Amino acid sequence: MCLSLLLVSLVSSCQTTKLMSYKSINNELIDFLIKKGDIKDHQVHDIKNGTYKLDFFGLYNDYHNENLIDGIYSFSAPISHTKSYFLIIDKSNYTILDISTREGLDMAIKNTLDFCEKQKYCSDFTEDYISRILTVYYRKNKNPSAGIDVNCENGITSKKDLP
């Protein structure tokens with residue numbers, strides 16, 4: 001009896017994990033972009049049938065053609081003046097970093113820090129990921145039609161008056 005329980009526990013702990021590919025999550029990403037209003041009704045068919053592909057790439061090595069490896073990716077609709085988002089792939093699971101709002105930005109920073117710590121990334125990589133998220137939020141997502149950080153145009157732009 002004990003031997004059979006041991007064998008059952010060994011078999012269940014050795015299950016293979018499902019590999020994730022761009023193709024396997026493409027429809028979920030499209031649905032997310034539709035929900036966010038970044039893909040319009042008249043564009044859905046062309047994007048879902050592959051006439052147009054989402055802009056999707058790994059942040060460092062543009063790794064996206066085969067099975068996805070653990071890491072952080074960027075994606076957006078293939079349309080000008082649209083918002084961009086990030087995606088964390090972690091052990092065949094994914095988390096969309098919705099940086100379209102300030103609350104989403106806060107959660108994305110937390111999730112990115114947690115992921116980088118779990119992966120034991122060098123602090124330079126973590127700093128770069130957080131910097132990219134902040135840059136996309138302020139320069140693209142906060143005002144997609146302008147494509148600039150309006151704080152850099154209308155806010156404090158000089159460090160000399162800062163402590």
Side-chain angles (χ1 to χ4, degrees), residues 20-48 52-65 67-163:
M20 189 172 300
S21 68
Y22 168 72
K23 194 173 189 177
S24 71
I25 62 171
N26 187 49
N27 285 336
E28 287 88 356
L29 298 178
I30 291 170
D31 291 342
F32 172 81
L33 292 170
I34 291 168
K35 186 179 102 184
K36 298 307 285 180
D38 292 321
I39 296 176
K40 307 298 181 218
D41 291 337
H42 67 279
Q43 301 162 323
V44 171
H45 178 69
D46 287 339
I47 293 173
K48 282 202 173 187
Y52 298 105
K53 291 186 176 182
L54 297 182
D55 293 330
F56 181 88
F57 55 91
L59 294 189
Y60 286 124
N61 294 307
D62 193 22
Y63 187 92
H64 69 277
N65 294 325
N67 292 324
L68 300 176
I69 59 175
D70 289 358
I72 301 179
Y73 298 78
S74 176
F75 72 98
S76 63
I79 302 160
S80 61
H81 303 296
T82 187
K83 294 178 181 176
S84 292
Y85 304 91
F86 293 92
L87 178 77
I88 294 175
I89 302 290
D90 184 15
K91 298 190 188 292
S92 298
N93 294 307
Y94 69 91
T95 303
I96 294 174
L97 303 179
D98 179 358
I99 56 171
S100 61
T101 65
R102 175 56 198 268
E103 294 79 19
L105 174 66
D106 292 346
M107 184 56 72
I109 290 170
K110 180 198 178 311
N111 287 340
T112 301
L113 290 171
D114 291 347
F115 174 76
C116 290
E117 178 122 352
K118 178 181 174 189
Q119 296 294 322
K120 298 184 181 345
Y121 284 171
C122 169
S123 63
D124 292 344
F125 300 151
T126 303
E127 181 181 340
D128 183 55
Y129 284 135
I130 297 300
S131 176
R132 290 173 187 240
I133 290 169
L134 289 169
T135 299
V136 169
Y137 174 75
Y138 282 105
R139 291 191 179 163
K140 192 167 185 178
N141 289 5
K142 198 168 178 188
N143 194 354
S145 60
I148 60 169
D149 180 352
V150 293
N151 289 346
C152 291
E153 298 295 315
N154 305 320
I156 297 174
T157 58
S158 173
K159 295 179 186 175
K160 71 178 181 176
D161 296 328
L162 298 176

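As the structure is a prediction and not an experimental result, all values here were calculated from the model.
- Pro78 approaches Ile47 most closely through the heavy-atom pair CD-CD1, 3.9 Å.
- Around atom OH of Tyr94, more than 12 heavy atoms belonging to other residues, nucleotides or ligands sit under 6.0 Å away.
- Ile79 places none of its side-chain heavy atoms less than 4.5 Å from the side chain of Asp38.
- Annotation for Ile34 and Val44: closest pair CD1-CG2, 3.7 Å, computed over non-hydrogen atoms.
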Chi angles and distances behind the side chain to side chain contact (heavy atoms under 4.5 Å, CB included) call for Tyr22, Tyr73: CA-CA 10 Å; Tyr22 168 72; Tyr73 298 78; over 6 Å; no

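- Counting heavy atoms of neighbouring residues, nucleotides and ligands inside a 6.0 Å radius, atom CD of Glu127 does not exceed 12 of them.
- The shortest heavy-atom contact between Ile99 and Tyr137 is O-CD1, 3.1 Å.
- With hydrogens and angles left out, the side-chain atoms of Lys140 and Ser84 include a donor and acceptor closer than 3.5 Å.
- Using cut-offs of 30° and 60° for the angle between ring planes, the Tyr121 and Tyr129 rings count as tilted.
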Test log, rule side chain to side chain contact (heavy atoms under 4.5 Å, CB included), inputs Phe86 and Leu59: CA-CA 9 Å; Phe86 293 92; Leu59 294 189; 3.8 Å; yes

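- Proximity of Ile39 to Ile30: side-chain heavy atoms (C-beta onward) are separated by under 4.5 Å at one or more points.
- Atom CE of Met107 is separated from atom CD1 of Ile96 by 14.5 Å, given to the nearest 0.5 angstrom.
- At least one donor-acceptor pair closer than 3.5 Å links the side chain of Lys40 to the backbone N or O of Gly37.
- The structure places CG of Leu87 at 9.5 Å from OG of Ser74, a figure rounded to the nearest 0.5 Å.
- Counting heavy atoms from C-beta outward, Arg132 and Ile72 have side chains that stay 4.5 Å or more apart.
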Leu105 and Leu134: CA distance, side-chain angles, deciding distance, side chain to side chain contact (heavy atoms under 4.5 Å, CB included) verdict: CA-CA 8 Å; Leu105 174 66; Leu134 289 169; 4.1 Å; yes

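- When all heavy atoms of Cys116 and Thr126 are compared, the closest pair comes out as CB-OG1, 3.1 Å.
- In this structure, SG on Cys122 lies 10.5 Å from CG on Asp128, to the nearest 0.5 angstrom.
- Under the 4.5 Å side-chain criterion, counting only non-hydrogen atoms from C-beta, Asp90 is in contact with Gln119.
- Closest of all the heavy-atom pairs between Lys83 and Ser76 is O-CB, 3.3 Å.
- In this structure Lys48 satisfies the side-chain hydrogen bond (donor to acceptor under 3.5 Å, both in side chains) test together with Asp31, sequence neighbours excluded.
- Residues Asp98 and Tyr85 meet the side-chain proximity criterion, which asks for heavy atoms closer than 4.5 Å.
- With salt bridges taken as basic N to acidic carboxylate O contacts below 4.0 Å, none links Lys110 and Asp106.
- A 4.5 Å side-chain heavy-atom check between Gln43 and Tyr52 finds every atom pair outside the cut-off.
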Test log, rule side chain to side chain contact (heavy atoms under 4.5 Å, CB included), inputs Ile25 and Phe75: CA-CA 12 Å; Ile25 62 171; Phe75 72 98; over 6 Å; no

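- From Ile88, atom CD1 reaches atom CG of Asp114 across 8.5 Å, with rounding to the nearest 0.5 Å.
- Between Phe115 and Thr95 the shortest side-chain heavy-atom distance does not fall below 4.5 Å.
- Taking 4.5 Å as the limit, every side-chain heavy atom of Thr82 sits out of range of all side-chain heavy atoms of Asp55.
- Expressed to the nearest 0.5 Å, how far CG of Asn67 lies from NZ of Lys23 amounts to 11.5 Å.
- Here OG1 of Thr112 is found 3.0 Å from CD1 of Ile133. Values are rounded to the nearest 0.5 Å.
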